> 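Questions regarding the structure given below will be posed in turn.
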Amino acid sequence: MTVRVRFAPSPTGFLHIGSVRTALFNWLYARHTGGTFVLRIEDTDTARNTEQSLRTILDGLAWLSLKHDEGPYFQSQRAEIYRRRIQELKDKGLAYERDGAVRFKMPREPVVMNDLIAGTVTRELTDREALDPDFVIVRSDGNPVFHFVNVVDDLEMKITHVIRGEDHLSNTPKHIALFRAFGAEPPAYAHIPMILNADGTKMSKSDPDPAKARLASLANYITDGYVPEAVRNYLCLLGWSPKDDRQVLPIEEVIQKFDLPQILRSNARFDVTKLTWLNGEYLRTMPVDRFIELAQPFGGGDPKVLALVKDKLKLLKELPEKTRHFVSDDFPVDPEAAAKWSGAGERLHRLADKFAATAWEAPALEAALKGLATELGIKPAELIHPCRVAVSGTTAGPSLYHMLEVLGRDRVLARLRK
RNA sequence: GACCCCAUCGUCUAGCCCGGUCCAGGACAUCGCCCUUUCACGGCGGUAACGCGGGUUCGAAUCCCGCUGGGGUCGCCA
């Protein structure tokens with residue numbers, strides 16, 4: 001049997017980070033099994049801003065390099081199929097109209113599910129369901145509802161494994177009942193646990209706390225300057241483990257090792273601090289060319305400057321502040337650092353004079369600075385630190401001599417003499 | 001209210017299926033030290049967990065039950 005999985009987001013205008021992980025796990029399973037990854041847009045109900053919303057989904061998946069093999073299919077274009085399937089249920093006497101809506105006759109017995117992750121789950125009816133187990137499959141306005149179209153599409157698209165969030169586990173009996181009503185075997189199910197906020201609450205784009213709301217959306221990570229490989233890597237580690245002690249994993253290896261039964265059953269909290277650490281790891285170890293490519297949306301810059309600051313970043317959005325003094329004389333100066341070295345003006349003038357007669361390369365600059373320190377009978381550090389502050393405004397940064405080299409003679413001399 | 005899922009350091013997890021090798025391993029975070037022209041990086045070390053109560057067993061993080069706690073679902077939302 002060839003595996004067919006799908007990611008079926010609804011175009012709400014943003015991509016939830018939890019949905020992204022669901023997409024990732026589907027994609028991983030497809031790649032692992034040599035199966036097909038189908039993209040389906042569940043746009044039955046809301047017709048708001050579809051163009052833009054679709055783009056958000058497509059761009060998000062592309063950003064993470066999660067390519068679909070088939071689709072996207074649009075539920076809004078499949079009305080005829082749904083109509084036919086509704087008729088089929090009516091003909092079989094398994095659906096009936098009431099109050100203008102079409103309702104499905106749900107079996108009264110408990111449904112047993114064999115979930116690939118949760119195991120065997122027997123679901124009894126809740127007290128409310130016991131009162132009336134049947135549920136609406138077509139609204140009185142004629143539009144079919146999620147439970148129905150979802151099942152019809154999975155059936156028509158011959159989906160073999162439904163990998164989705166655990167919030168659907170309790171709904172699964174409805175889906176299984178519908179498959180059976182169509183005389184079909186339900187697909188295998190794999191319900192993956194939720195991703196929660198650091199405080200254990202649900203991640204939501206509409207969280208009253210704007211910080212938490214931001215974390216729920218993939219767009220946030222793109223604009224903050226996270227590396228797609230790092231986000232993807234981090235998401236792999238949420239609910240799945242390579243079972244050795246490594247955190248940084250090449251995606252090829254994840255594909256090879258990934259499988260459904262090993263997915264954890266418990267919810268995970270999203271730790272943005274660890275993601276940020278991972279991001280720094282990726283930034284540091286990636287080739288300079290890749291870094292330059294990723295830096296473009298964040299202002300880009302001279303490749304030599306970018307190479308210099310590459311290893312100092314955790315987030316790409318820090319780029320402008322880290323490179324400001326390379327492109328402009330208008331950069332902020334750390335007042336504390338400036339105060340500490342306020343008496344070094346004379347020394348820096350001497351240094352400027354020395355540099356004026358020095359070949360503009362890091363090793364020569366280092367030799368010149370150390371030579372001056374010897375002449376003055378002071379430690380190199382007493383030149384190094386004030387020099388750094390004078391040319392960059394801060395005590396933190398790349399190797400001084402390499403920074404001077406990239407900064408250029410004119411800039412450096414002018415700043416030392418100021 | 002009913003139903004379903006879950007429960008190892010603050011967080012992500014290894015171990016649990018196939019009880020003893022676990023006074024529980026790794027990573028992030030945190031604290032200290034080292035390295036160092038700064039900041040990072042890196043190295044070394046520290047603090048820190050089997051939710052609680054019963055049971056089974058010679059022996060339980062590992063198996064069973066209960067409790068508590070967390071999450072989810074019961075929509076003419078998806």
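A quick note: this is a predicted structure, and the numbers were derived from the prediction, not measured. Letters go in sequence order (proteins before strands), and every chain restarts at 1.
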> Would you mind telling me which of B:U38, B:U13, B:G10 lies closest to the side-chain atoms of A:A268?
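So the side chain of A:A268 is nearest to B:U13.
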> Determine which nucleotide pairs with B:U21, using a 3.5 Å limit on both distances of a Watson-Crick or G-U wobble pair.
none
> Mind checking if A:G397 touches a base, just sugar-phosphate, or nothing, with heavy atoms under 4.0 Å?
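Base, at least one base heavy atom under 4.0 Å.
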> Looking at A:R103 and A:D132, is there a salt bridge between them, counting it only when a charged N and a carboxylate O are closer than 4.0 Å?
yes
> For B:C16, give the paired nucleotide (Watson-Crick: N1-N3 plus N6-O4 or O6-N4; G-U: N1-O2 and O6-N3; both under 3.5 Å), or none.
none
> Scan every strand shown for a Watson-Crick or G-U wobble partner of B:C44, both distances under 3.5 Å, and answer none if you come up empty.
B:G32
> Can you check the A:I137 CD1 to B:C76 P distance for me, whole Å?
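These atoms are roughly 12 Å apart.
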> Please pick, from B:C12, B:C76, B:G72, the nucleotide with the shortest atom-to-atom distance to any side-chain atom of A:M194.
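The listed nucleotide nearest to A:M194's side chain is B:G72.
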> To the nearest Å, how far apart are A:M113 CE and B:G72 P?
17 Å
> Between A:F182 and A:F148, how do the two ring planes meet: parallel, tilted or perpendicular, split at 30° and 60°?
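Plane angle between 30° and 60°, so tilted.
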> With a non-hydrogen cut-off below 4.0 angstrom, is A:S241 in contact with a base, only sugar-phosphate, or nothing?
sugar-phosphate
> By the 4.0 Å heavy-atom rule, please label A:D167 as base, sugar-phosphate, or nothing.
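Sugar-phosphate contact only - A:D167 comes under 4.0 Å of backbone atoms but never of a base.
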> Ignoring the backbone of A:R123, work out which of B:U11, B:C41, B:C3 is nearest its side chain.
B:C3
> Should A:E318 and A:K314 count as an ion pair when the cut-off is N to O under 4.0 Å?
no
> So what does A:P398 touch, heavy atoms closer than 4.0 Å: a base, only the sugar-phosphate, or nothing?
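Counting heavy atoms under 4.0 Å across all strands, the contact made by A:P398 includes a base.
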> Does a side-chain N or O of A:R246 approach OP1 or OP2 of B:C12 to a distance below 4.0 Å, or not?
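Answer no for this pair, as no side-chain N or O of A:R246 is under 4.0 Å from OP1 or OP2.
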> Can you tell me, in whole Å, how much space there is between the C1' of B:A78 and that of B:C39?
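It works out to 48 Å between them.
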> On RNA chain B, nearest-nucleotide positions of A:F146 versus A:L169: which is more 5'?
A:L169
> Closer than 4.0 angstrom, basic N to acidic O: yes or no for A:D224 and A:K317?
yes
> Rounded to the Å, how far apart are A:R269 CZ and B:U13 P?
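Rounding to the nearest Å, CZ of A:R269 and P of B:U13 are 11 Å apart.
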> Considering only NZ, NE, NH1 and NH2 on the basic side and carboxylate oxygens on the acidic side, decide whether A:R40 and A:D154 come within less than 4.0 Å.
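Salt bridge flag = yes for A:D154 with A:R40.
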> Who is the Watson-Crick or G-U wobble partner of B:C3, with both distances under 3.5 Å?
B:G72
> What nucleic acid atoms does A:D99 come within less than 4.0 Å of, heavy atoms only: base, sugar-phosphate, or nothing?
base
> Any strand counts, and the cut-off is 3.5 Å on both contacts for Watson-Crick or G-U wobble. Which nucleotide pairs with B:C9?
none
> Would you mind classifying the nucleic acid contact of A:Q75 as base, sugar-phosphate or nothing, using non-hydrogen atoms under 4.0 angstrom?
nothing
> Which of these nucleotides, B:U73, B:A27, B:C41, is closest to any side-chain atom of A:K274?
B:A27
> Quick check for you: among B:C12, B:G1, B:A7, whose closest atom lies nearest to any side-chain atom of A:D127?
B:G1
> So, is A:K243 close to the B:A14 phosphate, meaning a side-chain N or O under 4.0 Å from OP1 or OP2?
yes
> Counting the atoms with a prime plus P, OP1 and OP2 as sugar-phosphate, which does A:G239 contact under 4.0 Å by heavy atoms, base, sugar-phosphate, or nothing?
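Touches sugar-phosphate only.
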> Tell me the interatomic distance from A:L125, atom CG, to B:C3, atom P, rounded to whole angstroms.
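My rounded result for the distance is 11 Å.
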> Applying a 4.0 Å non-hydrogen cut-off, can you work out what A:L238 is touching in the nucleic acid: base, sugar-phosphate, or nothing?
sugar-phosphate
> Mind checking who B:C39 pairs with, Watson-Crick or G-U wobble, both distances under 3.5 Å?
none
> I want to verify a distance call: between B:U73, B:U37, B:G10, whose nearest atom is closest to the A:D271 side chain?
B:G10
> Test for a donor-acceptor pair under 3.5 Å between the base of B:C28 and the side chain of A:T273, counting only N and O atoms.
no
> Tell me which nucleotide among B:G71, B:C4, B:C6 gets nearest to the side chain of A:S170.
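Taking heavy atoms from C-beta onward, the closest nucleotide is B:C4.
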> Would you call the rings of A:Y189 and A:H191 parallel, tilted or perpendicular if under 30° counts as parallel and over 60° as perpendicular?
parallel
> Using purine N1 to pyrimidine N3 plus N6-O4 or O6-N4 for Watson-Crick, or N1-O2 and O6-N3 for G-U wobble, each under 3.5 Å, what pairs with B:A61?
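Partner of B:A61: none.
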> Please report, rounded to the nearest Å, how far the P atom of B:G26 is from the CG atom of A:L278.
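After rounding, the reported distance stands at 19 Å.
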> Take atom CH2 of A:W240 and atom P of B:A27, then tell me their distance rounded to the nearest Å.
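Rounding to the nearest Å, CH2 of A:W240 and P of B:A27 are 18 Å apart.
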> Taking the P atom of each, how far is B:G70 from B:C12, in whole Å?
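Rounded to whole Å, the distance is 16 Å.
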> Just call it for A:F270: base, sugar-phosphate, or nothing, with non-hydrogen atoms closer than 4.0 Å on any strand.
nothing
> Regarding A:R128, tell me which of base, sugar-phosphate or nothing describes its non-hydrogen contacts under 4.0 Å with the strands shown.
base
> At 4.0 Å (heavy atoms only), tell me whether A:T276 reaches a base, stays on the sugar-phosphate, or touches nothing.
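Result for A:T276 = nothing.
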> Among B:A2, B:C3, B:U37, find the nucleotide with the atom closest to the side chain of A:R388.
B:U37
> Parallel, tilted or perpendicular for A:F331 and A:H325, by the 30°/60° rule?
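Ring orientation, 0 to 90° scale: perpendicular.
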> Measuring from the side chain of A:I384 (C-beta onward, heavy atoms only), which nucleotide among B:U37, B:A78, B:C3 has the closest atom?
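Minimum distance to the A:I384 side chain belongs to B:U37.
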> Salt bridge check, A:R85 against A:E80: does any charged N sit closer than 4.0 Å to a carboxylate O?
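Not counted as a salt bridge, because no side-chain N and carboxylate O are separated by less than 4.0 Å.
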> With sugar-phosphate meaning primed atoms plus P, OP1 and OP2, does A:H191 contact a base, only sugar-phosphate, or nothing at under 4.0 Å between heavy atoms?
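If one applies the 4.0 Å heavy-atom cut-off, A:H191 turns out to touch nothing in the nucleic acid.
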> In whole angstrom, what separates A:K322's NZ from B:C41's C1'?
13 Å
> Let me know the distance between CD of A:E166 and C1' of B:U73, rounded to the nearest Å.
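Whole-Å distance recorded here is 10 Å.
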> Hey, does the side chain of A:R265 come within less than 4.0 Å of B:C6's phosphate (OP1/OP2), counting only N and O?
yes
> Considering every strand and a 4.0 Å limit on heavy-atom distances, what is the contact class for A:L264: base, sugar-phosphate, or nothing?
sugar-phosphate
> Can you work out whether A:H402 or A:V121 has the more 5'-proximal nearest nucleotide on RNA chain B?
A:V121
> Which residue is it: A:T323, A:L313, A:L319? I am looking for the one with a side chain to side chain contact (heavy atoms under 4.5 Å, CB included) to A:F298.
A:L319
